[in-house]
Amino acid sequence: MTKHLQEEGPSGGDGRLDAEDESLLNRRSLLAGTAGLVGAMLMGPMRLAADATTEISPEDPTRVPGATPTAYGQRSVFEKAVRIPRSWWSSLTPLQDSHGILTPSSLHFERHHNGVPTIQPAQHRLLVHGMVDQPWTFAMEDLKRFPSVSRLAFIECSGNSGAEWRGPVGQTAQHTHGLTSTSEWTGVALKTVLQEVGMNSEASWMLAEGGDAAAMTRSLPLVSIMEEAILCYAQNGEPLRPEQGYPLRLLVPGWEGNTCIKWLRRLKLGRAPFMTREETSQYTDLMPDGTARQFTMVMEAKSVITSPSGGQRIQPGFLEIRGLAWSGRGRIASVEVSTDAGRSWRQAALQEPILPKCHTRFHLSWRWNGEDVILQSRCLDDTGYRQPDRTALVAVRGVNSVYHYNAIQSWHIAADGKVSNVHA
Amino acid sequence: MRNLLRNILTVALTTILIAGILWAGGPADQEQTHGYGLGRPATDQEVKAWNIDVAPTGEGLPAGQGTAKQGAALFAVRCATCHGPTGKEGPMDRLIGGAGTLASQHPIKTVGSYWPYATTLYDYVHRAMPFPAPQSLSPDEVYSVVAWLLYQNGIIAEDTVLDAHSLPGISMPNRRGFSPDPRPDVPKP
């Protein structure tokens, strides 16, 4: 019984402490308090703060001085939500633990093709060449001097929910939908930089390449991305996280995540797509007839109930059904929720802000009476596109297209309150 | 020397900028090329060092050559641990076979069954493989291992010499297997 609060893993139950743990905690906090006071007399207040709050909470926080300021903040030691690494190439955002629409940078999903590089910003350069007046290079300091733009946008991996094509595989909302996250992205408009360099008016495609060990590369049609694409150096108010492309990444709002090339080091303008492996062998959608769709960029409207969701257990009585909806084509216009496997639907409330190409939070008040039910959500975007049910989606695309699965998600609530992933 | 060049350039740019201001009678028009005066011209060397993409036309292919025979040995040493002795066994991506499976319940997507362009194979193997040491192969080595992969897939003969001239001409079995995005494609309920 030497269990220590900090040693409790992320999957260590539902976060509640049992009675034994609690009494242990009190005893330890008393000891820590005494030690802290002695320590404070000897070593100053920093010591007290660290001992008293990062290891163990005092019995009564109103009777013990709190922590002093810190150089770079951390979340409460009691919060345990973490990304789940899926393998060496990705990790998933814990959507079931999220509130509002923003994803903390530290929980933004990851996808990389040969690891996260360490790049010195002072040495990083962006090369712009091909169909331009003259090849041109920018240091990070140059890029930061341009007029800046900023917006909230989701980024979703085109493989998000990909395992669901073949069956209800993911246990939690994190597993089924965790390859999407929302941040505020700040940088310089692509258009500004291309104008500065002097783009040839006949250029129609742009190759974007990363400075990682995969030299990750995609071709992008200029006419579609020119108005909205951003060369980003900041995320949620601070420089990009290394996993998100530090020091520079492309953002193409609403398009599949892999188009938003991270660790961006090169833009080459041309007349035709460059046909890299990432737009031929990968990120193409195989149809039942054996042909594949290419350059399927936009992420179509999708929603998921994050609470209650897979892996949770609910109690009878009032609860608020909560979830996220988003569309790569524009704003979410409405979200409907069904508590009877899609026989009837009720309008959910959309929470402000409701922004284009951005996660949108929805709510619906509900009372669970202990019956076996299936919960679903479906969304409509402002182009009139409605999120399809699984049967309709599979009827058109079969189950082998890997990418762009955006069918209605079903959560089954059993009589004992356990929530699980089903296909209904 | 560099500094001198840069100074000359800066003076030149500033002159142009001031001339622009006088001419326009106001602040420089920032819609103009180099209106912000940020960044600098890239040197030929800088462009050459990073300009590694290879287009379906063959543009970007370097000098050099190789055959499947030469590639076999290289594959065994540098690639087989991850892709299997014959390129089929894994544990990583299967590279060989799968012809005729794309419309089946269990499609096998490989270089032979799925890839539309042979040039892409040069581009990708050079930029990203072998996985632990990307961009470490010489042009001759890349041509050779690409030849071996195409030969094993039944696309070229064992003695076909691949180089910047022959590679773009190779027609891949699934060249016509791709179509543009037709979405939205799911009928409304």
Side-chain angles (χ1 to χ4, degrees), chain A residues 113-114 125-129 133-139 142-143 145-147 192 195-198 207 209 213-217 265-266 268 270 272 274-277 280-281 284-286 288-298 300 383 385-386 388-389 392-393 395-397 399-400 404, chain B residues 30-44 46-47 49-57 59-60 93 100-107 109-111 114-117 119-121 123-124 127-128 131-132 134-135 174 176-189:
Chain A
H113 293 73
N114 196 355
R125 294 282 179 280
L126 176 70
L127 171 67
V128 187
H129 72 129
D133 289 356
Q134 188 184 359
W136 211 256
T137 181
F138 295 98
D142 297 324
L143 295 171
R145 279 176 63 189
F146 280 108
T192 305
Q195 247 158 19
E196 176 77 359
V197 169
L207 183 76
E209 183 179 273
M216 176 69 188
T217 322
R265 74 166 187 183
R266 186 164 74 103
K268 183 180 188 177
F274 295 76
M275 298 297 180
T276 70
R277 179 241 189 187
T280 52
S281 159
T284 48
D285 310 40
L286 186 61
D289 68 358
T291 67
R293 297 171 175 179
Q294 198 179 20
F295 300 114
T296 44
M297 309 295 211
V298 77
E300 296 190 295
T383 69
Y385 175 88
R386 187 184 291 283
D389 64 40
L393 184 67
V396 176
R397 299 196 202 155
V399 295
N400 286 325
H404 298 291
Chain B
Q30 286 153 352
E31 304 277 288
Q32 291 290 305
T33 304
H34 306 307
Y36 292 99
L38 295 172
R40 59 164 174 83
T43 64
D44 287 350
E46 284 172 325
V47 175
W50 286 2
N51 191 18
I52 58 172
D53 58 278
V54 174
T57 55
E59 203 183 321
D93 303 32
T101 65
L102 295 183
S104 74
Q105 289 214 352
H106 296 282
K109 294 188 273 182
T110 73
V111 168
Y114 198 58
W115 288 42
Y117 302 99
T119 46
T120 306
L121 194 52
D123 176 291
Y124 184 70
R127 86 170 50 242
F131 203 68
Q135 296 186 51
N174 198 37
R176 310 242 154 265
F178 295 84
S179 56
D181 184 3
R183 298 174 304 158
D185 56 341
V186 180
K188 285 185 188 169

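Within every chain, numbering begins at 1; the chains are lettered A, B, ... in the order of the sequence lines, protein sequences first and strands thereafter.
- Aromatic ring centroids of A:H129 and B:W50 lie 6.0 Å or more apart.
- Here CG of A:D142 is found 9.0 Å from CZ of B:R40. Values are rounded to the nearest 0.5 Å.
- Annotation: the span from B:R183 atom CZ to A:D285 atom CG amounts to 6.5 Å, rounded to 0.5 Å.
- Heavy-atom distances place no part of B:L121 under 4.5 Å from chain A, backbone and side chain included.
- For A:F295, the part lying under 4.5 angstrom from a heavy atom of chain B is the backbone only.
- Using a 4.5 Å cut-off between heavy atoms, B:D93 contacts chain A through its side chain alone, with no backbone atom that close.
- Using a cut-off of 4.0 Å between Lys/Arg side-chain N and Asp/Glu carboxylate O, A:R125 and B:E46 are scored as not salt-bridged.
- With chain B as the partner, the residue from A:D389, A:D133, A:V298 showing the most heavy-atom pairs under 4.5 Å is A:V298.
- Contact annotation for B:T119: neither backbone nor side-chain heavy atoms come within less than 4.5 Å of a heavy atom of chain A.
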Original post:
Please walk me through it: do A:T217 and B:R127 pass side-chain hydrogen bond (donor to acceptor under 3.5 Å, both in side chains)?
Top reply: CA-CA 10 Å; A:T217 322; B:R127 86 170 50 242; 2.7 Å; yes
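- In this structure, chain B has a heavy atom under 4.5 Å from the side chain of A:L207, while its backbone stays farther away.
- The residue among A:R265, A:Q294, A:H113, A:R397 with the most heavy atom pairs within less than 4.5 Å of chain B is A:R265.
- Salt bridge status for B:D123 with A:R277: absent, with no side-chain N to carboxylate O gap under 4.0 Å.
- Residue A:A215 touches chain B through both its backbone and its side chain, counting heavy-atom pairs closer than 4.5 Å.
- Heavy-atom distances place the side chain of A:T192, and not its backbone, under 4.5 Å from chain B.
- A salt bridge links B:D185 with A:R293: the closest approach of a Lys/Arg side-chain nitrogen to an acidic carboxylate oxygen falls below 4.0 angstrom.
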**OP:** Apply side-chain hydrogen bond (donor to acceptor under 3.5 Å, both in side chains) to A:T280 and B:Y114, showing your working.
**Re:** CA-CA 8 Å; A:T280 52; B:Y114 198 58; over 6 Å; no
